[in-house]
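By convention here, the first residue in the shown sequence is residue 1.
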Amino acid sequence: MNGLGPASGADLNPNVIVNEYRTARVAEILSDFRTLQYYIAAAPVNPDDMDDYYTEGWAALRQCALDGQHILNCAADITVPRSSGGPDEQAKAELKQVHLDAYARRHEGQKIYLRQAAAQRWIEWRQQILMGGRPHSGNQAQLRAVDQQLRAELATITDEAIHADLLSSDISMGRWTSEDPSLRAVQRWVRSRRH
């Protein structure tokens, strides 16, 4: 059983074995989220030249930092309905709730990370155009073009694309995804935790 279940489970309750898979899945997702949080926290939020403070890329990076703090700090929903099926069913209900919470946080973390990456590319392109100088009439068209490129990249970072990419990645790594939350469930979780 890929090291997740007992070696001989012939006399074990299948719910216990599946709960072990659920527990392992939550641990994988939380590990992914922790890695994303590390990268989100490490991204710059202030330019070296404060004249650039209100430019699109730097504003996007500051918003990503705020969103990253919010997703880390928002409270987990620990209200789990009482199950009538005994302790195994109650454990299942609790694990499903924690699974949704972790999965939605990872989803939002991935979205923030991708937005940061787009903004950091914008910074690199902008620096290449400016070559240590400042904006002037001779480079305005190029600067507008990189602003438009940033907006276009940010527009491609959708919930649908992130959900599909994460699922594809999980499957390619051989992870157990049978009970992963739907995109709608993730979106409901996010909406219920807006700033």
Side-chain angles (χ1 to χ4, degrees), residues 15 18-43 45 56-83 85 89-122 147-195:
N15 287 335
V18 174
N19 280 347
E20 289 178 15
Y21 280 105
R22 289 182 184 112
T23 301
R25 180 68 177 132
V26 167
E28 291 168 346
I29 295 167
L30 287 173
S31 177
D32 293 349
F33 177 65
R34 183 177 55 243
T35 301
L36 286 166
Q37 276 300 127
Y38 170 79
Y39 287 117
I40 290 167
V45 293
E56 286 189 57
W58 286 105
L61 280 170
R62 283 191 302 282
Q63 186 60 53
C64 287
L66 290 172
D67 293 345
Q69 274 302 311
H70 173 71
I71 204 66
L72 182 63
N73 294 334
C74 68
D77 182 3
I78 56 171
T79 57
V80 179
R82 293 298 285 159
S83 173
E89 285 300 311
Q90 187 62 39
K92 173 184 175 181
E94 291 169 5
L95 282 167
K96 283 187 162 197
Q97 186 67 32
V98 172
H99 186 176
L100 172 60
D101 187 84
Y103 195 88
R105 286 176 197 272
R106 181 184 72 157
H107 176 95
E108 283 299 292
Q110 182 70 12
K111 187 182 340 180
I112 294 164
Y113 174 75
L114 292 173
R115 288 174 34 221
Q116 280 182 323
Q120 288 176 310
R121 281 189 296 280
W122 173 89
D147 288 348
Q148 290 171 344
Q149 176 65 30
L150 173 62
R151 281 184 235 121
E153 278 194 55
L154 292 175
T156 67
I157 302 170
T158 64
D159 284 334
E160 293 78 11
I162 290 166
H163 193 266
D165 288 347
L166 288 173
L167 179 60
S168 176
S169 174
D170 286 338
I171 290 170
S172 73
M173 288 189 279
R175 291 177 167 181
W176 185 70
T177 60
S178 299
E179 293 185 357
D180 280 356
S182 68
L183 175 57
R184 291 181 69 99
V186 169
Q187 289 172 323
R188 275 192 307 272
W189 184 95
V190 171
R191 275 192 307 273
S192 72
R193 285 153 183 83
R194 293 272 186 226
H195 310 243

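- Atoms CD1 and OG1, from I29 and T177 in turn, are 9.5 Å apart once rounded to the nearest 0.5 Å.
- Residue N73 holds its CG atom at 13.5 Å from CZ of R193, rounded to the nearest 0.5 Å.
- Put simply, CG on D67 and CZ on R115 are 5.0 Å apart, with the number rounded to the nearest 0.5 Å.
- For the atom pair CG (L36) and NZ (K111), the distance works out to 13.0 Å, reported to the nearest 0.5 Å.
- Taking 4.5 Å as the limit, some side-chain heavy atom of L114 sits within range of a side-chain heavy atom of Q110.
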Check your understanding: Stepwise, does the side-chain contact (heavy atoms from CB on, under 4.5 Å) test hold for Q148 with E153?
Key -> CA-CA 9 Å; Q148 290 171 344; E153 278 194 55; over 6 Å; no

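- Using modelled atom types, one side-chain atom of Q116 and one backbone atom of I40 make a donor-acceptor pair closer than 3.5 Å.
- One finds a salt bridge joining D180 and R25 here, because a Lys/Arg side-chain nitrogen approaches an Asp/Glu carboxylate oxygen to under 4.0 Å.
- Of the possible donor and acceptor atoms, one in the side chain of S172 sits under 3.5 Å from a partner among the backbone N and O of S169.
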Exercise for review: Kindly indicate, with the supporting measurements, whether the criterion side-chain contact (heavy atoms from CB on, under 4.5 Å) is fulfilled by R188 and L183.
Suggested key: CA-CA 9 Å; R188 275 192 307 272; L183 175 57; over 6 Å; no

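- Counting only heavy atoms from C-beta outward, the side chains of V26 and Y103 never approach each other to under 4.5 Å.
- Scanning all heavy atoms of the two residues, the minimum distance from I112 to G68 falls at CD1-N, 3.6 Å.
- Between the side chain of R105 and the main chain of C74, a donor-acceptor pair closer than 3.5 Å is present.
- From E108, atom CD reaches atom CG of D159 across 6.0 Å, with rounding to the nearest 0.5 Å.
- Looking at W176 and D170, their side chains never bring a donor and an acceptor atom within 3.5 Å of each other.
- Atom CZ of F33 is surrounded by more than 12 heavy atoms from other residues, nucleotides or ligands within 6.0 Å.
- Listed here is the closest heavy atom pair of P181 and V186: CB-CG2, 4.3 Å.
- Residues G57 and A119 share a closest heavy-atom pair of O-CB, 3.6 Å.
- Under the 30°/60° scheme for interplanar angles, the aromatic rings of H163 and H107 are found to be tilted.
- Applying the side-chain hydrogen bond (donor to acceptor under 3.5 Å, both in side chains) test between E94 and each of Q90, K92, K96 identifies Q90 as the sole match.
- Distance check: H99 NE2 to T23 OG1 gives 11.0 Å after rounding to the nearest 0.5 Å.
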